[in-house]
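Sequence lines set the chain letters: A, B, ... in the order given, protein chains first and strands last, and positions in each chain run from 1. Quick caveat: nothing in here was measured; it's all calculated off a predicted structure.
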Amino acid sequence: MLSLQYIRENVDRVKRDVLLRNATAPIDRILQLDEERREVLQQVEALRARRNAASKAIGASKDAAGRDERIAEMRVVGDEINQLDARLKGVETELQAKLYEVPNILDPSVPRGPDETSNEVVAVVGSIPEFSFAPRPHWELGELVNGLDIERGAKMSGSRFYTLRGPLAKLQRALIQFMLDEHSKAGFTESYLPYMLSEASLYAAGQLPKFRDNLYRDAEEDYFFIPTAEVAFVNLYRDEIIPPGQLPMRFVGHTPCFRREKMSAGRDVRGIKRGHQFEKVEMFVYCEPEQSGEELEALLVRACSIPEKLGLPYRVLALCSGDIGFNSTKTFDLEIWAPGQGEWLEVSSASNCLDFQARRANIRYRTAADAPTAYPHMLNASGLALPRTVIAVMENYQREDGSIGVPEALQPYMGIDVIPAV
RNA sequence: GGAGGGGUCGCAUAGUGGUCUAGUGCGCCCGCCUGCUAAGCGGGUUCCGGGGUAACUCGGUCGAGGGUUCAAAUCCCUCCCCCUCCGCCA
């Protein structure tokens, strides 16, 4: 969330950015509540100060009559405090709820536009493979190598579930292993994380209240299944003050992700591009505010290194104001070409969230032991999403007979150089 | 799942209704003393918010939230977390 002070001092920019996002946010109501809060707060604190002083005097007093008089007086003051307190609480609750609805400000470099058609292609890397035959989509290849079973997945769980087996299951595992190794080598700390988090954690990361419809949760207990490891990484340091000298902190982890995909019902029904459960390798960075620009670039380079090492053609998009995520001030998407389907597959999203999540999650840091606390910047980037990368490998490395070549970088992980058709 | 014990200002602890403005020790910071170091002496050391140009000042904060009271670390209620033992278990 944004700080009240920032909103107060930059009303025009905040309102403009909300408009550019094609969103709405109750900025005027927030300013009004803010003023009301401070007014009531001053009243109630003045009364409390009076009562504190009187209570102390009562404790020290030996004059029984004066004592009873004061107690009677303070009983009245106490009632007033309770009334004002109730009002204050109401104001603060609403204020907090409204603040949660305000999206992050936009980086000035973000292209303007209402929806994804205005995203800017900032780079296209690698050459799109030429085939002497009509390249097949992954769901056909999956059957030809006997590695993908969509029907049995649907039987067990319903639509948007599938199973991988044999070489394709291994291919996914190899990719996860490869990516974790690559990012670890680059200095990211490998992490194993909970896959279920409390409601408070989902609020802190900005998933709630807005995306409740897209989350799975336990019916009896306070557990939400993570839609991305980002949610867990944000909460790693929730309610903590990070001591001097620890930033930047860079993490990488592999987790499954769970999404209802209600909003995308009917889209991408074919194949395994969009499921309710998928694997993802995620990178996450905590850094000082001055560093977050470079860290975003570095995350992007890191993510791009994966399709490069796998020999997959990809492009990078700068998301426009209407398409960028709620928490983010600037986002790059990485898409790999899938020749079988004939489309670009989104496999990573690299975002700088500034101090937006830190504020919400109450995470602070110090530059020195005696320095005041400040909010760190937080960034995330997939590195990369499965099974879309599996799809990309299958469709780009396919051969006419339906077999699939194994990229050189993965051969040590798989122990084979081709996945044969059966 | 059952029984018990805990959660206090970085760490360790004291504190069963009002001199608690939360004490003490350790650690850390500043100063004094001092050939050097150590010891010693003095002071400082949670976090959040309001007001103020500022010095400063006010309020909150003893796991969380409610309640009782003129007054709560302390009494009552609900919840969370940690530890020990038993049971169950990958």
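Rounded to whole angstrom, the span from the OH atom of A:Tyr203 across to the P atom of B:A64 amounts to 21 Å. When the P atom of B:G49 is taken as reference, atom CG of A:Asp85 falls 18 Å away, rounded to whole Å. A straight line from OH of A:Tyr375 to C1' of B:C47 spans 11 Å, rounded to a whole angstrom. With rounding to whole Å, A:Asp79 atom CG is found 10 Å from B:A71 atom P. In this structure, CZ of A:Arg75 is placed 13 Å from P of B:U68, rounded to the nearest angstrom. Atom pair A:Glu92:CD and B:G65:P shows a separation of 12 Å (rounding to whole Å applied). The distance from atom CG of A:Asp239 to atom P of B:A64 is 11 Å, rounded to the nearest whole Å. Here B:G50 presents its P atom at 12 Å from CG of A:Leu88, a figure rounded to the nearest Å.
B:C47 and B:C86 have their C1' atoms separated by 41 Å, with the value rounded to a whole Å. On the P atoms, B:U57 is 45 Å away from B:G5, given to the nearest whole Å. Spacing between B:A73 and B:C79 at atom P, rounded to whole Å, works out to 23 Å. Nucleotides B:A71 and B:U19 have their C1' atoms positioned 14 Å apart, rounded to a whole Å. Using atom P as the reference point in both B:G67 and B:U74, the two lie 14 Å apart (nearest Å). The gap from the C1' atom of B:U37 to that of B:U53 amounts to 46 Å, rounded to the nearest Å. Taking atom P on both B:C9 and B:G15, the two are 16 Å apart, rounded to the nearest angstrom. Comparing B:C85 with B:U78, their P atoms are spaced 28 Å from each other, to the whole Å.
The side chain of A:Asn52 contributes no N or O atom lying less than 4.0 Å from OP1 or OP2 of B:A71. Applying the 4.0 Å criterion to OP1 and OP2 of B:A71, one finds that A:Arg50 has every side-chain N and O outside that range. Distances shown here put every side-chain N or O of A:Arg70 at or beyond 4.0 Å from the OP1 or OP2 atom of B:C70. Put simply, A:Arg51 has a side-chain N or O that comes within less than 4.0 Å of OP1 or OP2 on B:A71.
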**Study point:** Trace of the salt bridge (charged side-chain N to carboxylate O under 4.0 Å, His left out) decision for A:Arg87 with A:Glu36
**Key:** CA-CA 10 Å; A:Arg87 192 175 148 205; A:Glu36 191 178 344; 3.5 Å; yes
Exercise for review: Determine, stepwise, if the pair A:Tyr375 / A:Leu354 fulfils side-chain contact (heavy atoms from CB on, under 4.5 Å).
Suggested key: CA-CA 9 Å; A:Tyr375 291 98; A:Leu354 306 177; over 6 Å; no
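Using N1 to N3 plus N6-O4 or O6-N4 for Watson-Crick, or N1-O2 and O6-N3 for G-U wobble, each under 3.5 Å, B:G27 pairs with B:U45. Applying the Watson-Crick and G-U wobble criteria (two distances, each under 3.5 Å), B:G1 pairs with B:C86. Across every strand in view, B:U19 sits unpaired, with no contact that passes the Watson-Crick or G-U test at under 3.5 angstrom. Applying the Watson-Crick and G-U wobble criteria (two distances, each under 3.5 Å), B:A73 pairs with nothing in any strand.
Within 3.5 Å, no donor on the side chain of A:Glu45 pairs with an acceptor on the base of B:G51, nor the reverse. On a pure distance criterion of 3.5 Å, no polar donor-acceptor pair joins the side chain of A:Arg48 and the base of B:G50.
Note on ring orientation: taking the six-membered ring where Trp is involved, the planes of A:Phe326 and A:Phe356 are perpendicular (angle over 60°, cut-offs 30° and 60°).
Residue A:Met74 has its side chain nearest to B:C70 when only B:C70, B:C58, B:G50 are considered. Set against B:C70, B:C58, B:G49, the side chain of A:Leu41 has B:G49 as its closest nucleotide. Of all nucleotides listed (B:G50, B:G18, B:C47), B:G50 comes nearest to the side chain of A:Arg38.
Remark: of the listed residues A:Met1, A:Glu230, A:His377, A:Glu230 is the sole one forming a side chain to side chain contact (heavy atoms under 4.5 Å, CB included) with A:Gln357.
With RNA chain B read from its 5' end, the first of the two nearest nucleotides for A:Gln42 and A:Arg364 is the one closest to A:Arg364. With RNA chain B read from its 5' end, the first of the two nearest nucleotides for A:Ala53 and A:Thr373 is the one closest to A:Thr373.
Across all strands, A:Ala54 comes closer than 4.0 Å to no nucleic acid atom at all (heavy-atom distances).
Remark: side-chain polar atoms of A:Ser328 are paired, donor with acceptor, to backbone N or O of A:Lys330 under 3.5 angstrom.
Aromatic rings from A:Tyr203 and A:Tyr100 are positioned such that their centres are separated by under 6.0 Å. Taking the ring centroids of A:His276 and A:Phe258, they lie at or beyond the 6.0 Å cut-off.
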